[in-house]
Amino acid sequence: MESYNFREVEKKWIEKFDNLDGYKGKDFDTREKKYVLVEFPYPSGEGLHVGHAFSMTGADVYARFMRMIGFNVLFPMGWDAFGLPAENYAIKTGIQPQVTTDRITKLFKEQMRRMAFSFDWEREINTTLPEYYKWTQWIFTKLFEKGLAHKEEMPINWCPSCKIGLANEEVVDGDCERCGAITEKRNISQWVVKITEYADRLIEGLKDTDFIEKVKAAQVNWIDRKEGINIRFKIVLDPEIPLGCAASPFDKEDFLEVFTTRPDTLEGVEFLVVAPGHKLAQELKESRTQELKILSDYLEEYDKRDLKDRSERQKTGVLLPIKVINPLNNREVPVYVADYVSMDFGTGAIMGVPSTDARDADFAKVMRINFEPTLVPNAGLWGEAVNKGWGRKKISYHLRDWIFSRQHYWGEPIPMVWCEKCALHGGQGWVPVPEEQLPVVLPDIEKYQPTDTGESPLANIKDWVETKCPKCGGKARRETDTMPNWAGSDWYFLRYCDSKNDKKLAEVDKMKYWLPVDVYIGGDEHNTLHLLYSRFIYQFLYDLGVVPTEVPEPYKKRLSHGVILAPDGKRMSKSKGNVIAPEAMTDKYGTDVVRMYMMFMGPFDATMAWNERSLIGVSRFLERFYKLVTENIGKNSRTRELKNSRQDVEGKRLINKLIKSAGEDLEVFKFNTVIAKLMETTNGLSKLTGTIANDDLRLLIKVIAPFAPFVSQELWVALGGSGSVHAEQFPRLDEKYLYASGVTLAVQVNGKLRGTVVIDVEATEEMAITEAKKMDKIAKYLSDGEIKKVIFIRGKVLNFVVNRE
RNA sequence: GCCGAGGUGGCGAAAUGGUAGACGCACUAGCUUUAGGAGCUAGCGGGGCAACCCAUGGAGGUUCAAGUCCUCUCCUCGGCACCA
């Protein structure tokens with residue numbers, strides 16, 4: 001018998017799969033819809049990597065299974081192609097990013113084709129094409145019109161290496177997330193999107209989703225809503241530390257406001273601390289007396305210092321020349337400025353309660369502040385503080401507003417125009433580009449290099465920058481900032497519903513049919529930012545009435561796929577030289593083997609190391625599977641099929657057992673156990689002495705089809721099938737075969753296994769007891785005691801509870 | 001510190017409260033004139049000649065029956081974090 005020649009078989013079928021009608025999602029079809037989404041890749045020059053291949057294979061197996069059980073499946077793919085690597089490549093080579101992007105997306109697409117992913121390519125999208133980003137820009141103009149976007153001079157995280165402003169989320173421990181360089185603070189005018197206005201709804205909305213627990217937790221944790229009270233402490237000057245001749249910046253009515261979630265510990269306040277960026281510290285610094293030199297030195301040093309390992313470092317601080325009064329007991333307490341308080345949260349000032357807070361205790365130690373070590377919190381103070389007017393309830397979020405400007409070339413131009421005339425006439429100087437003038441097309445340029453001034457290279461293109469105000473028609477300037485790389489991926493799943501629409505972002509009826517996304521598969525690294533941003537944009541579009549779902553949530557379910565490590569157990573990286581290229585593997589072993597191996601490695605969400613020996617095990621299995629089927633086809637062509645023989649029934653039992661558990665497991669992404677069961681079934685069938693009927697072989701092939709598209713198609717045709725096995729229905733379970741040869745019952749005495757007995761599935765308790773007692777071993781255990789009780793679970797267990805003497 | 005997921009053979013891992021270790025890798029023995037990362041048969045948690053006993057990080061508990069449920073505890077991984 002010939003063995004399976006994957007090269008020949010794949011070559012034969014790959015083109016036929018290209019235009020398979022069944023892979024296409026049909027708008028408004030009467031079948032129930034299923035929108036299966038897997039994150040679209042950034043097409044990097046290195047091509048499709050194992051991580052892509054893994055997550056997409058899982059999504060593909062699921063999508064194929066969903067089609068086979070009767071759903072109208074939307075399984076689209078596209079390119080999230082704006083980003084720094086293409087721009088950096090352009091800086092180096094002078095080749096336009098669009099040119100490299102085109103080339104690389106073609107490479108990716110061919111690699112995906114070889115992996116036999118059943119994407120609906122008619123709906124392909126690319127975030128860098130004007131017909132796509134027209135709508136990314138349109139969304140921005142709507143944000144602006146609704147007051148959710150404005151430009152603001154603000155200190156931002158500046159990466160001196162990338163020459164780019166970064167969102168807080170893109171700075172890790174003071175380092176640029178991309179290149180690792182230490183970031184600086186710079187004052188730059190930036191577009192800011194008010195995602196915080198949606199903070200509560202972004203938490204609330206999670207109730208309407210089926211996200212796995214860790215994803216929900218990550219979202220809530222990221223937003224980090226805290227209920228507390230802003231308490232005002234009256235400021236008094238400290239007579240012992242003169243403020244110098246300059247008039248005191250304070251008058252009698254000045255207060256220092258702190259945010260606390262623990263007003264119940266107000267009694268234990270020993271000091272207050274303000275952040276170095278706090279107005280109070282900055283104002284005091286200005287008074288420039290000798291005594292305050294320590295303070296200004298401290299603040300200046302703080303500005304220079306990088307933020308690295310802030311949590312590791314010992315706390316530092318300086319005493320301020322003022323005191324404040326605790327409204328609860330009128331005690332005067334000192335005020336410090338210290339680096340462990342952050343300006344970004346609450347009011348930038350805290351109350352120091354060293355007896356209950358470890359950080360405050362730490363600081364007290366450094367500053368040699370004495371305090372009572374014990375304090376009994378008083379919950380009544382929550383009400384008292386509000387009732388007596390010491391403070392007011394306040395909710396603070398860790399979530400920051402979203403800095404939306406990038407000073408780069410390769411991104412969507414922010415579609416805004418600055419009009420001096422409109423500004424002078426008391427109006428808004430910033431004018432959004434109206435829908436009919438969109439898209440604002442990214443012009444071709446010669447120099448891609450970002451500038452040190454913090455402006456994008458677009459600022460150098462005079463005839464692009466100079467434009468007319470859409471409102472008054474006067475001379476105006478275009479915004480030269482571009483959008484962050486998240487912008488295009490915020491709404492891409494909407495575009496798949498109607499990817500070619502040139503009038504709208506997508507037709508409402510089509511979105512109504514396909515939305516929400518039923519299953520969204522992606523990496524943990526996107527569980528906070530991408531997921532949060534896209535949920536926010538969706539909620540915003542919902543408020544505009546643009547998207548038609550019942551509930552303002554775009555994704556019904558979110559699943560995390562796992563991570564594949566290199567054979568050495570480390571993360572794959574070019575520099576470590578331990579990268580596994582999926583293409584090299586498919587060249588060597590064939591697509592089906594690689595797909596099946598990845599799905600067999602472990603649970604879909606696990607972290608697993610690549611192991612080529614195990615892959616070979618899967619290769620051997622596929623070979624055995626192929627032989628089993630082809631040998632039986634051969635036998636069936638020579639001899640009459642024997643129906644209803646004992647062997648025939650046993651074969652059907654094995655296959656139906658497989659159909660049952662495979663169907664159940666595929667539904668919940670337990671691909672590894674489906675493959676284990678396919679192996680088990682194949683082994684079982686190989687041991688049968690009779691032949692397996694062609695009809696039964698067909699069932700087997702349909703079960704393996706979602707995993708191994710090529711082998712299954714080849715065998716399907718070998719069995720005389722026409723068309724594609726991938727358009728077939730998944731086999732239905734025939735229950736009558738499931739227990740055709742009885743069930744194995746575990747026989748226990750006092751809960752301990754003492755033997756097994758095979759009986760009819762319908763057997764009664766009495767029959768089971770009779771059978772069990774026939775066994776010598778059981779009889780022996782029962783002889784030296786009295787049977788107190790018998791537990792009988794049909795098909796599972798028979799347990800004698802015996803009272804031993 | 002907070003949140004989440006986990007701890008089961010030499011390894012990757014299976015087990016709606018009901019035969020722990022399915023399936024695969026590695027390994028051992030044998031078969032097959034066998035050079036192909038081959039195939040086939042058998043074995044493969046520990047102890048014991050055996051009957052049996054022990055075993056799912058640890059300690060208790062619930063139950064006829066616990067890897068699975070409850071309480072406490074230890075450890076690992078992932079995310080967030082001087083968040084007030």
Side-chain angles (χ1 to χ4, degrees), chain A residues 3 173 212-222 224-226 228 258-262 265 272-273 275 309-315 338-342 344-353 356-360 362-363 396-399 524-525 527-528 560 563 588-589 596-597 600-603 605-621 623-624 627 661 664 670 672-683 686 744-757 777 780 788-802:
Chain A
S3 70
D173 280 336
I212 51 172
E213 196 50 42
K214 82 165 155 184
V215 176
K216 282 191 184 182
Q219 297 261 305
V220 172
N221 199 17
W222 190 263
D224 201 5
R225 181 183 197 273
K226 293 238 157 96
V258 303
F259 174 71
T260 181
T261 57
R262 296 295 307 274
T265 64
L272 260 45
V273 189
D309 294 329
R310 274 206 312 174
S311 56
E312 304 292 312
R313 212 170 39 211
Q314 208 198 22
K315 294 176 174 52
D339 61 354
Y340 81 100
V341 175
S342 155
D344 295 335
F345 189 74
T347 61
I350 63 159
M351 48 187 226
V353 187
T356 57
D357 187 293
R359 293 153 307 180
D360 294 342
D362 250 18
F363 185 67
S396 286
Y397 302 90
H398 181 233
L399 181 71
D524 281 342
E525 70 276 20
N527 282 347
T528 44
S560 294
V563 175
K588 206 162 160 190
Y589 299 102
M596 282 198 104
Y597 166 62
F600 183 61
M601 288 174 87
D605 60 357
T607 303
M608 303 157 291
W610 189 266
N611 178 345
E612 200 160 332
R613 294 299 322 178
S614 280
L615 182 147
I616 290 166
V618 175
S619 174
R620 290 203 284 246
F621 158 69
E623 194 77 37
R624 268 183 286 137
K627 273 190 185 140
S661 50
E664 289 166 358
K670 287 172 74 175
N672 55 332
T673 56
V674 178
I675 294 171
K677 281 157 192 166
L678 271 162
M679 290 169 168
E680 198 179 344
T681 308
T682 304
N683 294 346
S686 307
T744 306
L745 209 60
V747 183
Q748 303 176 333
V749 178
N750 288 339
K752 279 206 193 293
L753 181 75
R754 297 301 175 188
T756 59
V757 64
K777 215 160 132 184
K780 198 192 85 188
K788 300 281 287 184
K789 197 169 159 189
V790 177
I791 310 279
F792 176 70
I793 311 288
R794 177 159 296 170
K796 297 258 161 96
V797 74
L798 177 68
N799 186 13
F800 295 99
V801 184
V802 173

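Reminder, nothing fancy here: chain letters follow the sequence lines and each chain counts from 1. Nothing here was measured: the structure is a model prediction, and the numbers come from that model.
- Among the atoms of the strands shown, none is found under 4.0 Å from any heavy atom of Tyr397(A).
- Set against U19(B), C80(B), G24(B), the side chain of Arg624(A) has G24(B) as its closest nucleotide.
- Looking at every heavy atom in both residues, Leu745(A) comes nearest to Ile793(A) through CD1-O, 4.0 Å.
- When the P atom of G39(B) is taken as reference, atom CD1 of Ile616(A) falls 10 Å away, rounded to whole Å.
- Distance Asp524(A) CG to A5(B) C1': 10 Å, rounded to the nearest Å.
- If you take atom P in G57(B) and the same atom in U63(B), they sit 23 Å apart, rounded to whole Å.
- In this structure, A59(B) forms a base pair with U71(B), meeting either the Watson-Crick or the G-U wobble geometry with both donor-acceptor distances under 3.5 Å.
- As the counterpart of C23(B), G12(B) is assigned, both hydrogen-bonding distances of the Watson-Crick or G-U wobble pattern falling under 3.5 Å.
- Of the candidate nucleotides G18(B), U19(B), A26(B), G18(B) has the atom nearest to the side chain of Lys796(A).
- The side chain of Met679(A) sits closest to G24(B) out of A84(B), G24(B), A5(B).
- Tyr589(A) contributes atom OH, which lies 4.0 Å from atom CD1 of Ile616(A) (distance to the nearest 0.5 angstrom).
- The C1' atoms of U62(B) and G24(B) are separated by 37 Å, rounded to the nearest whole Å.
- Looking at Asn221(A), its side chain has no donor and acceptor atom pair within 3.5 Å of the base of C80(B).
- Using a 4.0 Å heavy-atom criterion, one finds that Lys588(A) contacts the bases of the nucleic acid, with or without backbone contacts as well.
- Shown here, G36(B) is classed syn by the O4'-C1'-N9-C4 or O4'-C1'-N1-C2 angle, which is within 90° of 0.
- A donor-acceptor pair is defined here as one N or O able to donate and one able to accept, closer than 3.5 Å; such a pair exists between the side chain of Asn750(A) and the backbone of Val802(A).
- For Asn683(A), a side-chain nitrogen or oxygen approaches OP1 or OP2 of G24(B) to under 4.0 Å.
- Going from the P atom of C75(B) to that of G58(B) covers 15 Å, rounded to whole Å.
- Rounded to the nearest Å, the gap between the P atom of G48(B) and that of U34(B) is 41 Å.
- Relative to the side chain of Ala217(A), the nucleotides G4(B), A81(B), G18(B) differ in distance, and G4(B) lies closest.
- Ion pairing between Asp524(A) and Lys214(A) holds under the 4.0 Å rule for side-chain N and carboxylate O.
- Taking the side chain of Glu680(A) as heavy atoms from C-beta on, and the options A22(B), A26(B), A14(B), the nearest nucleotide is A22(B).
- Atom P of G37(B) sits at a distance of 47 Å from the matching atom of C52(B), rounded to the whole Å.
- You'll find a donor-acceptor pair under 3.5 Å spanning the side chain of Gln748(A) and the base of G18(B), going by distance alone.
- Residue Val797(A) is classed as a base contact, given a heavy-atom separation below 4.0 Å to a base.
- Residues Asn672(A) and Ile675(A) each lie close to RNA chain B; by heavy-atom proximity, the contact nearer the 5' end of the strand is made by Asn672(A).
- Side chain Lys315(A) to base C82(B): a donor-acceptor pair is found below 3.5 Å.
- A42(B) is paired with U28(B) under the criterion used here, namely a Watson-Crick or G-U wobble arrangement in which both key atom distances are under 3.5 Å.
- The side chain of Thr673(A) lies closest to A15(B), out of A15(B), C53(B), A84(B).
- Counting non-hydrogen atoms under 4.0 angstrom, Thr261(A) reaches the backbone sugars and phosphates but no base.
- Looking at the side chain of Tyr589(A), the nearest of the listed nucleotides C53(B), A84(B), G37(B) is G37(B).
- Under 4.0 angstrom from either OP1 or OP2 of A15(B) there lies at least one side-chain N or O belonging to Lys670(A).
- Between Lys588(A) and Glu612(A) a salt bridge is recorded (basic side-chain N to carboxylate O distance below 4.0 Å).
- Considering only side-chain atoms of Leu753(A), the nucleotide from A20(B), C52(B), C25(B) that sits closest is A20(B).
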- What's the verdict on side chain to side chain donor-acceptor pair (under 3.5 Å) for Tyr340(A) and Asp360(A), showing C-alpha distance, side-chain angles and the deciding distance? CA-CA 9 Å; Tyr340(A) 81 100; Asp360(A) 294 342; 2.8 Å; yes
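- Of the candidates Thr347(A), Val258(A), Val273(A), Val273(A) is the only one forming a side-chain contact (heavy atoms from CB on, under 4.5 Å) with Val341(A).
- Summarising the base pairing, C64(B) is matched to G18(B) through a Watson-Crick or G-U wobble pair whose two defining distances lie under 3.5 Å.
- Using C1' as the reference atom, C53(B) and A15(B) are 23 Å apart when rounded to the nearest Å.
- Put simply, the side chain of Asp224(A) never gets that close to the backbone of His398(A): no donor and acceptor are under 3.5 Å apart.
- The residue among Gly617(A) and Asn799(A) whose nearest nucleotide of RNA chain B lies closer to the 5′ end is Gly617(A).
- Look at C2(B): its Watson-Crick or wobble partner, with both distances under 3.5 angstrom, is G79(B).
- Between Lys226(A) and A84(B) there is a side-chain N or O to OP1 or OP2 distance below 4.0 Å.
- In this structure, Ile793(A) atom CD1 and U19(B) atom P are separated by 11 Å, rounded to whole Å.
- Pairing of A51(B), defined by two Watson-Crick or G-U wobble distances under 3.5 Å, is not identified with any nucleotide.
- Look at the P atom in both C27(B) and A38(B): the space between them is 10 Å, to the nearest Å.
- Separating the P atom of C3(B) from that of G9(B) is a span of 29 Å, rounded to the nearest Å.
- Glycosidic conformation of G9(B): syn, with the torsion inside 90° of 0.
- In this structure, the nucleotide among A13(B), G24(B), C82(B) sitting nearest to the side chain of Asp339(A) is C82(B).
- Under 4.0 angstrom from either OP1 or OP2 of G39(B) there lies at least one side-chain N or O belonging to Arg620(A).
- Atom NZ of Lys670(A) and atom CG of Asp605(A) lie 11.5 Å apart (nearest 0.5 Å).
- At the phosphate of C64(B), OP1 or OP2 sits under 4.0 Å from a side-chain N or O atom of Lys789(A).
- Rounded to whole Å, the distance from CD on Glu623(A) to P on G36(B) is 16 Å.
- Thr744(A) comes within 4.0 angstrom of a base, heavy atoms only.
- The CG-P distance, from Asp357(A) to A84(B), rounds to 8 Å in whole Å.
- Nearest to the side chain of Ala676(A), among C23(B), A20(B), C3(B), sits C23(B).
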